[in-house]
Number of protein chains: 2
Amino acid sequence: MTNNPADSTSESLPDSPGATGQPADRRSTLHDVAARVGVSPRTVSRVVNNEEGFSEATRERVLEAIEELEYRPNLVARGLVTQQTRTLGLVVTDLSDPFFAELANGAQRAAITNRYNVFLCATDNEADQQANVLDSLRSHGIDGTIVFPATDTDDGLRRVAADVPIVCVDHEVDHPRITTVSSDLVAGARMAVEHLVDRGHTKLGMVASKFSPSDRRRREVGFLAAHRKLFPGTPEPMIVRTEPTLEGGRSATAELLDRDPSITGIFAYNDITAIGAILAATDRGLTVPGDLAVVGFDDVPLAAVFGPPLTTIRIDRERLGQVAIEMVLAMMGGSRTGRPSPQILPVELVVRAST
Amino acid sequence: MTNNPADSTSESLPDSPGATGQPADRRSTLHDVAARVGVSPRTVSRVVNNEEGFSEATRERVLEAIEELEYRPNLVARGLVTQQTRTLGLVVTDLSDPFFAELANGAQRAAITNRYNVFLCATDNEADQQANVLDSLRSHGIDGTIVFPATDTDDGLRRVAADVPIVCVDHEVDHPRITTVSSDLVAGARMAVEHLVDRGHTKLGMVASKFSPSDRRRREVGFLAAHRKLFPGTPEPMIVRTEPTLEGGRSATAELLDRDPSITGIFAYNDITAIGAILAATDRGLTVPGDLAVVGFDDVPLAAVFGPPLTTIRIDRERLGQVAIEMVLAMMGGSRTGRPSPQILPVELVVRAST
DNA sequence: ACACATCGCGTCAACGTTGACGTAATCTAG
DNA sequence: CTAGATTACGTCAACGTTGACGCGATGTGT
């Protein structure tokens, strides 16, 4: 009965489990359950973990005691011995950006369905802060992590990857335990061009971001490639790089129209710059989509309610988060099949009133 | 030197710390550092935790070894013995809602500055899901948690509060270890009314949410109270309850104007319904703010870029999250001063072009 | 010179759980 | 009927850390 030597010293407590069967003040442990049933903690552990090596009869009695004592496994203790905490990290630059908020939303839900919990951290796109949070997450013993990397932190990520598998969002790092999930921005750009051409536009321009490093300029690549395919032999369309803001989009579009007034179709870096483009059109008395058609990117909530509602390329950010979780779980699977190959998720053309 | 008996069995590993001084494959522990310096793990622990009971000389040698071995405390092990994990929960209904995203942003940053990490969970406003995530968080040994409660879950929260202090957002629960942080919605409504009256409007109407339970209708309370104070003895202004969506705001405003065409000022439940109100105005050829002035609530990002930009009552959601964290840390402080009293954060009138 | 405090450590157990291994009782095969 | 397998457990140590306590060496007051 009294397998637990500590019990003998503390049986004077009120509500000691053996006496009343009520949950005690402190959370109950394997020992409490074991004492109540009259087996060893190890047997209770076996039942809890669905191992084998116990009779149906004891299984039922253990389950009953677990219910009565409201026993829940202590994941901290379990983590110490198994070296697995069933926690994941999710490191983004800024949660107030809806892109990351929805990414986090999808990731967190996918994690929960796999019985994992996620630590969420913001870096403000600063290398120091990213190093800090990753360090902190490692101290907490996370089993894996999703990272939208701050710029120029590949080496830091490689160091972390020695302990913890990493899935990067929209960024590739060459390391056996780092893989990538991203959106098919090239295809998105192609869809935008094809749609504009479908609508009868032949003179196109693009508003791009001047902050994108060259390896993240895949929208531009897709834009030019699609144009080349549809209008072989004609001069390349114009691209103006600007800040990816409302005003940036506005001024860049004004510049495009100044330099070539025959442009009737704009492909914008994202929805905010697209709205800037629309404002630039109305600034000079052009109607949208009559005189100028505009396609955005992302499909932020704002896009659907703007006047006119914006045609855009939709990125399924929740799915991005979900897939990222699935990939990191796969890497943790430990099957020495090497890292899962980078995944590129499809995007979708959403036609609204701006084209 | 070889205080750690496990070493003897594994000294054939490459890079064993005693031999090379390089970090090993596995993360180094107190034992590794201790062995390297030639002291006991307990002494290293003392240095790490800034306790006392060691000489300056050993302190330096320990710190040096920590650096060389890249030692980081294992918070899982520490948590097991101290019963404190330095983790907090943050339970909201839906992260893709910018309100919660920014709340989470503020909370997470406040947590990090206090050297805590936060588990983020979504409940979809479902009681079951909330119970699940809270259970899971308890198993992980969180030290405290912020909850935006799903409807009708007070009892569930009280049960959790037995183990873990809770700060609720915008909701009160009567329990010694549950307290509340909220925004001053009543004052916000008052500010909206006063602003409209300042602008010369005397006939007001309000678009409210039909989903708000009676204890969350503080905007309506403030609206009526302010009106009563400014126009004593006159009939109460009209309130129409609708779905808090764009279309809801549009139709509710149409109804208000149908029933009383002399209305010139609208106070809307949130920014989205306010935009609906503006659309309703333009539907019938009214100009904003010329014929109809509209005040929203929340100050979502969209509010600033809509045409016309929206006058609104700003809720500082990041600060809400930050204060929530500070309150839960205070409750954990364990000082038996009872729970901190509920906090109500101020809101702010942001005047733009819609009034 | 002696009692006593302080310093600078070390030792041991415990936190709650699981991995490795042991073992008595029962079953199975020949 | 007996050797060997199987079942249903129990025992013990370990995960990495800290709390409680011990202890010898050195300082301090009288």
Side-chain angles (χ1 to χ4, degrees), chain A residues 1-10 17 24 26-35 37-62 66 69 71-86 138-141, chain B residues 1-10 17 24 26-35 37-62 66 69 71-86 138-141:
Chain A
M1 176 76 192
T2 168
N3 280 330
N4 182 356
D7 280 353
S8 54
T9 68
S10 58
R26 56 180 180 79
R27 304 196 61 185
S28 15
T29 72
L30 281 184
H31 286 86
D32 301 325
V33 178
V37 177
V39 296
S40 79
R42 193 63 186 81
T43 295
V44 179
S45 169
R46 278 189 266 254
V47 172
V48 169
N49 294 339
N50 280 315
E51 301 175 26
E52 45 190 28
F54 48 84
S55 68
E56 180 58 19
T58 59
R59 196 185 77 95
E60 276 168 21
R61 288 167 55 222
V62 165
I66 286 178
L69 298 178
Y71 167 77
R72 296 288 181 280
N74 180 330
L75 298 186
V76 175
R78 182 184 283 171
L80 184 56
V81 36
T82 62
Q83 306 284 18
Q84 306 213 91
T85 53
R86 294 201 84 81
R138 278 204 289 177
S139 281
H140 277 295
Chain B
M1 177 76 191
T2 167
N3 280 329
N4 182 356
D7 279 353
S8 54
T9 69
S10 58
R26 58 181 179 79
R27 306 195 60 186
S28 16
T29 72
L30 282 184
H31 286 87
D32 301 326
V33 178
V37 177
V39 296
S40 79
R42 193 64 185 82
T43 294
V44 179
S45 168
R46 278 190 266 254
V47 172
V48 169
N49 294 339
N50 279 315
E51 302 175 27
E52 43 191 27
F54 49 83
S55 68
E56 179 58 22
T58 57
R59 197 185 78 95
E60 274 168 23
R61 287 166 55 222
V62 165
I66 285 178
L69 298 178
Y71 168 77
R72 296 288 180 281
N74 179 331
L75 297 188
V76 174
R78 181 185 284 172
L80 185 56
V81 38
T82 62
Q83 307 284 21
Q84 306 213 88
T85 53
R86 295 202 84 83
R138 277 204 290 177
S139 280
H140 277 295

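Every chain is numbered from 1, with letters handed out A, B, ... down the list of sequences.
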Report task. Verify the neighbour count for atom CD of E56(A): are there more than 12 heavy atoms of other residues, nucleotides or ligands below 6.0 Å? Result ->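 Yes, CD of E56(A) has more than 12 neighbouring heavy atoms, counting only those of other groups under 6.0 Å.
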Distance, rounded to the nearest Å, where [X] contributes [atom1] and [N] contributes [atom2]:
X      : N       : atom1 : atom2 : value
L80(B) : dG16(D) : CG    : P     : 12 Å
N50(A) : dT18(C) : CG    : C1'   : 15 Å
F54(A) : dT23(C) : CZ    : C1'   : 19 Å
E52(A) : dT7(D)  : CD    : P     : 8 Å
Q84(B) : dT17(D) : CD    : P     : 17 Å
D32(B) : dG16(D) : CG    : P     : 8 Å
E56(B) : dC7(C)  : CD    : C1'   : 14 Å
L75(A) : dC15(C) : CG    : P     : 18 Å

Between [X] and [Y], is any pair of side-chain heavy atoms under 4.5 Å apart?
X      : Y      : result
V44(A) : V37(A) : no
V39(B) : R46(B) : no
F54(B) : V62(B) : no

Query raised in the report: Hey, is the side chain of R46(A) pairing donor to acceptor with the base of dG19(C) inside 3.5 Å?
Result: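 Check fails, no donor-acceptor contact within cut-off.
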Query - Donor/acceptor link under 3.5 angstrom from R42(B) side chain onto base of dG19(D) - result: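 Such a pair is found, so the answer is yes.
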For [N], does either OP1 or OP2 sit under 4.0 Å from a side-chain N or O belonging to [X]?
X      : N       : result
N49(A) : dT18(C) : yes
R78(B) : dT18(D) : yes
S40(B) : dG10(C) : yes
T58(B) : dC9(C)  : yes
S45(A) : dT18(C) : yes
T43(A) : dG10(D) : yes
S55(B) : dC7(C)  : no

Query raised in the report: Any idea which of dT17(D), dT18(D), dC9(D) is nearest the H31(B) side chain?
Result: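 The answer is dT17(D).
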Report task. Select base, sugar-phosphate, or nothing to describe what Q83(A) touches, counting heavy atoms under 4.0 Å on all strands. Result ->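 Sugar-phosphate only.
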Report task. Measure from the side-chain N and O atoms of R138(A) to the backbone N and O of R72(B), and report whether any donor-acceptor pair falls under 3.5 Å. Result ->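 Looks like no, no N/O pair under 3.5 Å.
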**Report entry** Of G53(B) and N74(A), the one whose closest DNA chain C nucleotide lies more 5'
**Finding:**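 Its nearest nucleotide lies further toward 5', so the answer is G53(B).
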